[in-house]
**Student:** 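Dumping the structure here so I can ask a few things about it.
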Amino acid sequence: MRVARTRAVALITALAATVLVGLTTGAAAMAGGGRSDPFPSPGRGVALTWAPAHMSPDSHYTRRQALRLAHRNDVVTAVPYAFRRYAGAMRRANPSLTLLAYSSATTSGADAASALPEEQFAHDADGQRIRSTGFGRYLMEPSDPGWQRTSVKVCAERITLGHYDGCFLDGLAMAIYSAHFVSALPVVPGTDRPYTQRQWRDELVALSDAFARHRPRLTYAGNAVGNTYRYWDDPVSSRRVVRNLPAAAMEDFMRGAGDRVSRFPTGARWRKNLDAVRDIESHGGTGLFLTKLWVAATPAQLRTWQAYAMATFLLGADGHSYFAFTDARTKTAVLGSDLPYRMPRHLGRPTSGVHHAHGVYRRHFAHGLVVVNPTRHRHRVGLGHSYVTLGGRHVHRLRLRPHHAQVLVVR
């Protein structure tokens, strides 16, 4: 990832003297180095997007598909080989593009694990190695200095291999405490006592520190936020990890991937999604926000969810965060080929704060307006003058159904 062009610094990975345009690290930001925004400024205000290509099992892209992603997005996360042949062309197509190599900070595949010493693995109370139930990867011991060096090295190797700009570090959330996520909970090394959630979170913080310590100019974002409960309500909040990172991803923005399509966050829960965007930016970080609708949905339901999530993001973003929406874990979903809408690129900068009246939230932009109805009631909204909706309709007023929103632009 990289800082705004006006603040860009030369960023060099130690492996191949690969020159990267980079940001200040999280450690530098905490030491008073200013914002830790790792992305170049595209000059388009807050209408910024990212493509989570690392989530698709199919990582083989044509040149045309790669350039499509570059034109449509400001950040792309992917395995190294997905775009290594096209990285240069993608940057020429979009000079503000940031390419992040997917790398797990806390797990290892069997092939790589075979060369690692036993102390780098996490173990259960019986001394057995632990695996993730979904992917069969080994859970590693984040407190072990050897694993910390290994994790940093793997990230740097992936940057070099893909000709990317930094790493997207998976595994920095508290997912191991979700039901059936791993085969067993890890114990504190040298004991038979399982890590408490607070202890594990503190080790994730220490692991993220290792990146700044061992490769102080390495650029990265961590998959660390989780959801609004983990961020705001859980006694062991993910905020402690997020604030230790220059950038962090929230994979469950507005909903969980498998939630019922009719399950909308309302009231305080909706507001906490909005406030997560604001909070991460207000503390000098950058957010990567992702809404996943990975359940059966009608075209109308897909349109509703994409507009609702996009508009909520735009209410809170101030130019240092990025939005993504996917309707499946496929390459087609990554490319956005089956989505009804695209983020309007010419909204411009916000010209107002968020206004709340009669259940409806608004925010004005230089070239548009965002309107969100997070309530269970219909609302009529006067607009003052003509706008164009995401679907291309010219409107002077809106009738917003419950849990509906519009992103409007001036033509």
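Worth saying up front: this structure is predicted, and the values here are computed from it rather than measured. Sequence positions, counted from 1, serve as the residue numbers for this chain.
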**Student:** So, His283 and Arg243: side-chain donor and acceptor under 3.5 Å apart, yes or no?
**Tutor:** yes
**Student:** The test is side chain to side chain donor-acceptor pair (under 3.5 Å); show your working for His404 and Thr304 and say whether it passes.
**Tutor:** CA-CA 6 Å; His404 276 61; Thr304 295; 3.2 Å; yes
**Student:** Would one find more than 12 heavy atoms of other residues, nucleotides or ligands at under 6.0 Å from atom NE2 of His180?
**Tutor:** no
**Student:** For a quick test of reading the model, state the closest non-hydrogen atom pair linking Met140 to Ser108 and the distance between them.
**Tutor:** SD-CB, 3.8 Å
**Student:** Apply the side-chain contact (heavy atoms from CB on, under 4.5 Å) test between Leu207 and each candidate in Asp202, Thr106, Asp144; give the one that qualifies.
**Tutor:** Thr106
**Student:** Are any non-hydrogen side-chain atoms of His60 and Tyr81 less than 4.5 angstrom apart?
**Tutor:** yes
**Student:** Is Arg129 close enough and on-axis enough to Tyr138, meaning under 6.0 Å and within 45°, for cation-pi?
**Tutor:** yes
**Student:** Looking at Trp305, is Arg255 sitting on its ring face, NZ or CZ under 6.0 Å from the six-membered ring centre and within 45 degrees of the normal?
**Tutor:** yes
**Student:** Using a 6.0 Å cut-off, check whether atom CZ of Arg213 has over 12 heavy atoms from anything other than its own residue.
**Tutor:** yes
**Student:** Decide, yes or no, whether a salt bridge links Lys292 with Asp327 under the criterion of side-chain N to carboxylate O below 4.0 Å.
**Tutor:** no
**Student:** Between Ser321 and Glu281, does a side chain to side chain donor-acceptor pair (under 3.5 Å) hold up when you go through it step by step?
**Tutor:** CA-CA 7 Å; Ser321 291; Glu281 290 199 14; 2.8 Å; yes
**Student:** Examine Lys331 relative to Tyr61 and say whether NZ or CZ is less than 6.0 Å from the centre of the six-membered ring and inside a 45° cone about the ring axis.
**Tutor:** yes
**Student:** Check whether any side-chain N or O of Arg345 sits under 3.5 Å from a backbone N or O of Ala47 as a donor-acceptor pair, and report yes or no.
**Tutor:** yes
